[in-house]
Amino acid sequence: MLAAHDLTIADVGAWAAHPGGPKVLEAFARALDLPDGALDASWRSLAKVGNLSSAAVLHVLAELMDTQPAAGTHGLLFALGPGVTAELVLLRWADGADSEASGPAEIGTAA
């Protein structure tokens with residue numbers, strides 16, 4: 001998905017990962033070779049509300065929106081659902097010139 005938008009993992013500055021449990025978050029971080037702290041919002045969500053199925057990623061996104069990444073920051077939201085379902089949303093934080101509301105704008109999705 002990132003390659004389709006000429007991006008790499010290094011271009012993503014905000015990660016909203018489904019906090020499906022410690023093993024899930026550890027597997028995400030290891031498989032993507034993420035820098036330390038990249039999934040902190042997901043870990044905090046897991047500690048606060050637990051695993052609410054794939055919808056838990058919306059709690060993570062809300063926290064990221066509260067922290068207001070810099071305009072132009074790319075984000076990747078990803079969640080796991082029943083069976084072998086995976087949901088991916090590529091985001092880019094807008095500035096005032098891009099949108100009336102500050103926050104992420106969807107660039108692309110994949111399921």
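Here Leu76 contributes atom CG and Leu32 contributes atom CG; the two are 8.0 Å apart, rounded to the nearest 0.5 Å. Between the CZ atom of Arg92 and the CG atom of Asp11 there is a distance of 13.0 Å, given to the nearest 0.5 Å. To the nearest 0.5 Å, atoms CG (Leu61) and OG (Ser45) are separated by 11.0 Å. Here the straight-line distance linking atom OG1 of Thr67 with atom CG of Asp40 works out to 11.0 Å at 0.5 Å rounding.
Within a 6.0 Å radius of CG in Asp36, no more than 12 heavy atoms belonging to other residues, nucleotides or ligands are found.
Scanning for side-chain hydrogen bond (donor to acceptor under 3.5 Å, both in side chains) contacts around Thr85 gives an empty result, with sequence neighbours left out.
Across all their heavy atoms, Gly75 and Trp93 have their closest contact at CA-CZ3, 4.0 Å. Across all non-hydrogen atoms, the minimal contact from Met1 to His5 is O-CD2, 3.3 Å.
Contact of the Ile9 side chain with the Asp33 side chain is not registered, since no non-hydrogen atoms from C-beta on lie closer than 4.5 Å. Looking at heavy atoms from C-beta onward, Leu90 lies in side-chain contact with Leu7 at the 4.5 angstrom threshold.
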Could you pull out every donor-acceptor pair under 3.5 Å between side chains of residues 15-28 and any protein atom, sequence neighbours left out?
residue: His18; atom: ND1; partner: Leu80; partner atom: N; Å: 3.2
residue: His18; atom: ND1; partner: Leu80; partner atom: O; Å: 3.4
residue: His18; atom: NE2; partner: Asn51; partner atom: OD1; Å: 3.1
residue: His18; atom: NE2; partner: Ser53; partner atom: O; Å: 3.0

